[in-house]
Amino acid sequence: METYLWITSVWGVYLALAVFIVGIGLRIYQWATTPKSAVRLGMFPKPATKSGRFFKMLKDTFIAPHSAKIEPTMWLFSMIFHVAALAAFVGHLRILGEYPILPGLLGGEHAMNNFAAYAGSIAGTLMLVGVVFWIARRTFGPYKNLSVPEDYLLLALLFGVIIMGDHLRFVYGGFIHADTYQEWFKSLLAFKPMFPEKLLSGNVGWSLGTHMLFTDLLLMYFPFSKLVHTIGSFAANYVRSE
Amino acid sequence: MEKVQLETLTGVIDKKMNRQLKQYIDICARCAICKDACHQYVGTGDFKYLPARRAELIRQIYKKYFDKAGRFVPALYEAREPDDNLLDELYDSTYACTGCRRCMYYCPFSIDTAWILSVAKAILIAAGRGNEMLGQLADAAIFKGDNAAMFEGVMLSGFDDISEEVRAITGNPEHKVHVNKEGADVLYVALAGAHSIRPAAVIFEEAGENWTISMFEAANYGFFYGDTEKARIITKRYIDEAKRLGVKEIVVPECGHAYRVAEFFYEAWSKEPMPFKVSHILEKVDDYIKSGRIKVDRGKIAGKVTYHDPCQLGRNGGKFEQPRDIVKAVTSNFVDLTPNRAEQWCCGGGGGIVAMEEFKDVRLKSGIKKVEQLKASGASVLACPCENCRLQIEELNDVHGLGLEIWQVIDLVVAAMPLPGSQRSVEAAPAGEGANA
């Protein structure tokens with residue numbers, strides 16, 4: 001198991017982060033160095049001022065009100081997924097260090113861990129709901145016809161990341177808390193990788209390793225996939241108002 | 001596919017590539033939210049008309065030749081070469097597209113499928129598969145520009161006839177269609193046909209506008225065909241004329257794409273700033289009414305009146321309110337279509353599709369949403385400031401027996417003006433009560 005952990009949760013993480021950072025950098029570089037369309041592609045109505053256009057871009061990107069109007073079900077599940085993913089991301093920041101004020105407000109470390117357990121469970125479940133909806137949607141009709149292997153691969157990777165994250169949360173969440181994962185992740189950042197004893201005893205290592213395996217693969221594929229919409233949608237939505 | 005032809009086609013993509021196109025291709029999630037936005041997909045249920053699918057064909061070629069990941073694992077993206085199968089589907093999905101950009105309106109990333117299809121058209125033209133009819137119409141316009149003197153006699157005689165009609169309407173013996181008037185403020189670039197000139201001339205003359213007519217029409221089949229060089233040359237005909245006459249403003253007629261071409265595309269095609277103010281004729285008319293330069297009576301148009309936003313004038317041109325204000329000035333019985341303005345359904349007649357007989361079936365099927373809207377409005381009169389929209393809706397009117405009277409907005413205005421020759425009121429059955437409904 002320790003070898004598996006070293007592959008997926010040490011060297012895999014380094015490799016994935018390197019590929020992700022370089023890949024995203026290249027993608028942005030490509031976009032930035034390709035000349036802008038000479039034709040103004042904006043549509044109406046559009047705000048008259050630059051700041052108005054900027055805020056409309058933020059609204060269109062984060063809320064997608066037009067999409068909500070035409071396909072509310074898809075919008076709802078996508079919103080659920082993205083908001084839950086953001087919450088999960090914020091929660092994962094605890095592996096970099098404990099939040100400064102929150103544990104105090106909640107009434108100590110135990111309460112903080114309890115809160116994280118609830119919040120993480122909800123976020124993890126909602127993400128799963130979103131991804132299952134997307135997978136189901138791609139199994140029939142025009143959605144199936146429009147899908148290419150890239151779509152299924154990404155959904156499979158996301159499903160793997162989430163199901164194993166949920167597994168860690170629901171099976172081991174009661175006795176392995178952020179501080180344990182923090183020890184491991186901070187050691188990676190310090191380039192002195194190690195695993196705390198708690199992660200090496202029992203089967204949790206297999207679960208973490210698999211969670212990280214899917215995460216590594218997703219991160220490595222990210223810059224070369226349609227997931228670059230996380231960055232590109234801001235630019236494209238801004239062009240809408242130009 | 002032969003290497004030379006392949007290089008030609010990929011060369012087109014390379015030449016046309018820009019940041020927006022690249023981002024659209026890179027970020028489309030194939031979520032298919034666009035499917036219910038497209039009147040053609042909704043009207044036919046045919047997968048090839050699903051907007052993301054239309055764009056996907058270009059993406060497949062792009063991935064195959066321009067994207068490292070696509071070259072490394074083509075199967076992952078269904079990357080493929082532009083073979084006959086691909087080009088056949090591309091032809092249908094591209095030339096059928098009316099360019100309404102309703103899919104862009106609803107897309108969470110605002111992906112402009114029509115922009116991606118402009119590359120598709122360039123590829124099809126390079127492959128010798130451009131639409132013949134649109135190409136011929138574009139070439140005819142260019143020929144006319146190159147041989148203007150050949151057409152001058154017949155045009156001047158036509159303008160004389162229209163001048164007679166204008167005088168009969170206004171009762172003013174001084175009124176006429178001004179031709180080649182140097183120092184005019186406004187160059188009116190009409191469509192081919194007296195219907196586009198007569199009411200405009202009445203309004204300009206009654207408003208006391210210092211105007212002159214263009215010898216060229218505003219329609220641009222080079223734009224529909226997808227050849228930007230042809231489109232530029234066709235537009236340049238009246239730009240040069242405007243320069244020669246020293247006008248201050250170019251006014252385009254009740255035509256959707258003509259406005260968009262002049263206001264949004266010409267600068268990019270010609271790589272020079274548009275030297276004139278570009279206005280749509282309804283902006284001018286709205287101004288004349290509001291400033292009191294022309295008078296209109298509210299009681300002369302009978303029946304419930306509705307208004308259709310042509311996509312190129314509304315969603316893509318930003319002119320939502322002036323046309324409505326005009327219609328509301330000539331009738332107190334106005335009803336809007338639902339949805340309207342930016343969410344207005346495309347009638348199905350844009351993008352040059354009315355000129356392409358081969359798309360008649362999909363065109364008529366794609367009008368079903370417009371038919372439903374018109375029926376639901378209960379209107380008996382439709383004001384519509386776009387020639388292609390009117391042609392399409394007139395056909396839908398016949399096929400579905402809507403019993404609508406379909407008018408240019410400027411015709412409604414002239415009918416509502418207190419002039420000796422404009423005594424005409426509209427009597428029509430409400431939509432949906434026609435013989436075949």
Side-chain angles (χ1 to χ4, degrees), chain A residues 23 26-27 30-46 57 60-61 63-64 66-71 74-75 78 134 137-138 141-143 145-151 153-154 221 223-242, chain B residues 17-24 26-37 41 45 47 50 52-53 56 59-60 67-70 72-73 75-79 101 104-112 114-115 118 264-265 267-269 271 314-320 339 341-343:
Chain A
L26 275 175
R27 181 70 57 177
Q30 277 179 357
W31 286 341
T33 52
T34 310
K36 213 177 156 205
S37 153
V39 176
R40 281 177 290 156
L41 297 176
M43 64 177 3
F44 296 88
K46 59 182 162 193
M57 176 273 285
D60 288 346
T61 308
I63 316 275
H66 314 292
S67 310
K69 214 165 173 180
I70 198 161
E71 208 180 323
M74 173 64 172
W75 179 87
S78 300
W134 284 340
R137 194 166 172 271
R138 288 201 184 272
Y143 313 108
N145 289 339
L146 192 63
S147 303
V148 303
E150 176 193 3
D151 301 318
L153 174 64
L154 286 171
Y221 186 42
F224 311 102
S225 73
K226 63 179 188 177
L227 292 187
V228 292
H229 73 249
T230 43
I231 305 163
S233 56
F234 292 95
N237 276 327
Y238 191 73
V239 168
R240 178 197 186 103
S241 297
E242 272 189 325
Chain B
M17 189 48 64
N18 58 52
R19 188 182 305 161
Q20 279 66 42
L21 202 60
K22 203 165 171 48
Q23 283 175 338
Y24 294 153
D26 284 340
I27 69 178
C28 176
R30 285 175 295 276
C31 69
I33 278 179
C34 49
K35 85 180 193 343
D36 294 324
Y41 181 75
F47 179 57
L50 200 156
R53 171 63 186 178
E56 187 63 17
R59 190 171 186 265
Q60 288 175 345
D67 184 78
K68 284 192 180 65
F72 187 53
V73 204
L76 201 51
Y77 308 93
E78 292 184 357
R101 302 208 301 170
M104 177 180 177
Y105 180 83
Y106 288 105
C107 173
F109 312 148
S110 305
I111 292 175
D112 186 350
W115 186 239
S118 69
F264 296 99
F265 283 90
E267 281 190 351
W269 292 339
K271 298 182 178 65
R315 187 164 41 245
N316 300 328
K319 302 285 172 266
F320 297 117
R341 295 179 172 81
E343 294 176 1

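No hydrogens, no waters, no symmetry mates; every other heavy atom, side chains included, goes into these values. Protein chains get the first letters and strands the later ones, always in sequence-line order, with residue 1 at the start of each.
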ring-ring contact (aromatic ring centres under 6.0 Å, His included) involving Phe224(A) - partner list, sequence neighbours excluded: none
Need one label for Leu153(A): side chain, backbone, both or neither, based on atoms under 4.5 Å from any heavy atom in chain B. side chain
Report the option among Ala69(B), Gly317(B), Gly314(B), Ala342(B) that has the most heavy-atom pairs separated by less than 4.5 Å from atoms of chain A. Gly317(B)
Honestly, the part of Ser78(A) sitting under 4.5 Å from a heavy atom of chain B is neither
Contact leader toward chain A among Tyr77(B), Tyr24(B), Tyr41(B), Phe264(B), where contacts are heavy-atom pairs under 4.5 Å: Tyr77(B)
Are any of the side-chain nitrogens in Arg59(B) or Glu56(B) under 4.0 Å away from the carboxylate oxygens of its partner? yes
When you measure from the centre of the six-membered ring of Phe47(B), is the NZ or CZ of Arg53(B) under 6.0 Å away and within 45° of the axis? no
Please look at Gln60(B) and chain A and tell me whether the side chain, the backbone, both or neither of the residue comes under 4.5 angstrom of a heavy atom of that chain. neither
State which residues pass side-chain hydrogen bond (donor to acceptor under 3.5 Å, both in side chains) with Asn18(B); sequence neighbours excluded, sorted by chain then number. none
Looking only at heavy atoms and a cut-off of under 4.5 Å, which of Lys35(B), Arg30(B), Glu267(B), Glu78(B) has the most pairs with chain A? Arg30(B)
Between chain A and each of Val73(B), Asp26(B), Ile111(B), Leu21(B), count heavy-atom pairs under 4.5 Å; write down the option with the most. Asp26(B)
Which bit of Ser225(A) comes within less than 4.5 Å of chain B, counting heavy atoms only: side chain, backbone, both or neither? backbone
Taking every non-hydrogen pair under 4.5 Å, which of Ala29(B), Ala37(B), Ala52(B) racks up the most with chain A? Ala29(B)
Does any heavy atom of chain B fall under 4.5 Å from the side chain of Ala68(A), the backbone, both, or neither of them? neither
Determine the option with the most heavy-atom pairs under 4.5 angstrom with chain A, choosing from Ser110(B), Ala114(B), Ala268(B), Gly45(B). Ser110(B)
